[in-house]
Amino acid sequence: MYDPTVARLTYRALLGRRRALILGALPLLLIVISVAVRGLTGADDQTAADVLGGFALATMVPIIGVIAGTGAIGPEIDDGSVVYLLSKPIKRPAIIFTKLIVAIAVTMVFSAAPTLIAGLILNGNGQQIAVAYTVAALVSSIAYSALFLLLGTVSRHAVVFGLVYALVWEALFGSLVAGARTLSVQQWSLAVAHKVAGGDLVTSDVGLTTATVLLVVVTVLATWYAGQKLRSLTLAGEE
């Protein structure tokens, strides 16, 4: 299911100079903010939770997920170069699975690692805040990558739709409408983080069992459906 050649081409596309600069901008900003906050307020657990939850998990991780998930396949579909890939003797689900693995890896590196570093800067991992939000970033990276890879497969406007989901649905509606939080990758990952940290600094509106099931179901279904759409795209090209 994992093709090294497809993986190498996808890594090259995602980590090109321009895209790498975009991917690195938000993590760098998080580190700068963390250093500034630590210098101004000192080590404070609540402040660390606010920064990591409000910026790292709510903004940085989904945006990086959008860039990595849609960028893993969207540009190839837009410019038609995907036809050359589909002409090779590689199973279509294997192409999607490989690109998903690459998108997850890139999202994790550019989101989870900076989150851990920022947490250590902010409060030295007091009350497991840094580790908890790092785990949340790792978990959400998987679901975001699957969702946005699917968007990249089915729509030419995947980046726009991805940003709308990440910044409007999760950030705006998620903060205003209680029911919207149940359908939020951010809240699902926070449920896992709450289990890691314990206490009241990390909270979620979704229970751990529900969150785990939804994370798995969304990831699996999004990956499966992306494979189906890619298969139909192949058939359309052959016709």
(request) Would you confirm whether Thr47, through its side chain, and Ala43, through its main-chain N or O, come within 3.5 Å as a donor-acceptor pair? (result) no
(request) For a side chain to side chain contact (heavy atoms under 4.5 Å, CB included) with Val220, tell me which candidate from Val217, Thr223, Val216 qualifies. (result) Val216
(request) Determine whether more than 12 heavy atoms belonging to other residues, nucleotides or ligands lie under 6.0 Å from atom CZ of Phe55. (result) yes
(request) Could you tell me the separation between the CG atom of Asn123 and the CG atom of Leu52, rounded to the nearest 0.5 Å? (result) 7.5 Å
(request) Over all heavy atoms of both residues, which pair between Leu57 and Ser189 is shortest? Give the atoms and the distance, please. (result) CD2-OG, 3.8 Å
(request) State whether the side chain of His194 and the backbone N or O of Val202 hold a donor-acceptor pair below 3.5 Å, judged by distance alone. (result) yes
(request) Please confirm whether the backbone N or O of Ala137 pairs with a side-chain atom of Ser140, one donor and one acceptor, at under 3.5 Å? (result) yes
(request) Over all heavy atoms of both residues, which pair between Thr98 and Tyr2 is shortest? Give the atoms and the distance, please. (result) OG1-CA, 3.4 Å
(message) Tell me the closest heavy-atom pair linking Ser34 and Val51, and the distance in Å.
(response) OG-CG1, 4.4 Å
(message) Quick check against the 3.5 Å criterion: does Trp224 have a side-chain atom that pairs as donor or acceptor with the backbone of Thr219?
(response) no
(request) Please determine which of Leu120, Thr134, Asp45 meets the side chain to side chain contact (heavy atoms under 4.5 Å, CB included) test together with Asn125. (result) Leu120
(request) Report yes or no: does Lys229 contribute a side-chain atom to a donor-acceptor pair with the main-chain N or O of Val154 at less than 3.5 Å? (result) no
(message) For Val131 and Val196: C-alpha separation, side-chain torsions, deciding distance, then whether side-chain contact (heavy atoms from CB on, under 4.5 Å) applies.
(response) CA-CA 8 Å; Val131 171; Val196 174; 4.0 Å; yes
(message) Looking at every heavy atom in both Val206 and Gln187, which two are closest together, and how far apart are they?
(response) CG2-CB, 4.0 Å
(message) Ring-plane angle category for His157 and Phe161, please: parallel below 30°, perpendicular beyond 60°, tilted otherwise.
(response) perpendicular
(request) Answer yes or no: is there a side-chain heavy-atom contact under 4.5 Å between Tyr11 and Val106? (result) yes
(message) For Arg92 versus Leu230, what's the shortest heavy-atom pair and its separation?
(response) O-CD2, 3.9 Å
(request) Under the side-chain contact (heavy atoms from CB on, under 4.5 Å) rule, what do Thr107 and Tyr144 come out as? Steps first, then yes or no, please. (result) CA-CA 9 Å; Thr107 306; Tyr144 281 133; 5.5 Å; no
(request) For Leu208 and Val192, work out which heavy atoms get closest and say how close. (result) CD1-CA, 3.9 Å
(request) Drop me the distance from Leu167's CG to Ile63's CD1, to the nearest 0.5 angstrom. (result) 5.0 Å
(message) Taking side chain to side chain contact (heavy atoms under 4.5 Å, CB included) as the criterion, tell me which of Val185, Val160, Leu151, Leu183 meets it with Tyr165.
(response) Val185
